[in-house]
Amino acid sequence: MGRLSAIENAGVSLEVMMGDAQRAQGFLDDVLAFARTTPFAFPDLAETSRNLVAFGMDEANVIPTMQQSVMQLPQVVKVRKG
């Protein structure tokens with residue numbers, strides 16, 4: 001799936017889930033901005049963020065939660081290699 005298709009699909013599903021096109025677009029913009037700062041592919045981050053919202057997480061907490069998880073990855077890798 002191409003990047004533009006992934007963005008469009010994420011936007012549509014978020015709009016349906018959130019019930020508000022502007023709110024969904026703002027959230028999607030935040031996910032795209034976050035994706036630019038990580039080595040993770042946008043489709044994976046979009047799916048993760050969509051799942052977090054679907055399971056009841058306030059969308060204002062999604063990016064901070066994912067940022068915290070990304071920051072903890074080096075520690076997890078270190079412990080596993082340990």
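As the structure is a prediction and not an experimental result, all values here were calculated from the model.
Closest approach of A10 and S13 over heavy atoms only: O-OG, 3.1 Å. Across all their heavy atoms, V31 and S49 have their closest contact at CG2-OG, 3.7 Å. The two residues M18 and A24 have their closest heavy-atom pair at SD-CA, 3.6 Å.
Side-chain contact between V53 and F27 is present, with at least one heavy-atom pair separated by less than 4.5 Å.
Placement of L52 and M17 within a single hydrophobic cluster is found when ILVMFWY residues are connected by side-chain heavy-atom separations under 4.5 Å, directly or transitively. There is a path of hydrophobic side-chain contacts, each under 4.5 Å, that joins I63 to F40. The hydrophobic cluster containing L28 also contains M57, counting ILVMFWY residues as joined when their side-chain heavy atoms lie under 4.5 angstrom apart, directly or transitively.
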Passes side-chain contact (heavy atoms from CB on, under 4.5 Å), T48 versus M66? Steps please.
-> CA-CA 9 Å; T48 300; M66 291 195 302; 3.8 Å; yes
Just do the side-chain contact (heavy atoms from CB on, under 4.5 Å) check on L14 and Q25 with the steps written out, would you?
-> CA-CA 8 Å; L14 286 168; Q25 186 59 52; over 6 Å; no
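For the atom pair CD of E47 and CG of N9, the computed distance is 12.0 Å after rounding to the nearest 0.5 Å. The CG atom of L32 sits 4.5 Å away from atom CZ of F42, with the distance rounded to the nearest 0.5 Å.
A salt bridge links R23 to E59: at least one charged side-chain nitrogen sits closer than 4.0 Å to a carboxylate oxygen.
Among pairs with a residue in residues 63-74, none fulfils salt bridge (Lys or Arg N to Asp or Glu O under 4.0 Å), at least two apart in sequence or across chains.
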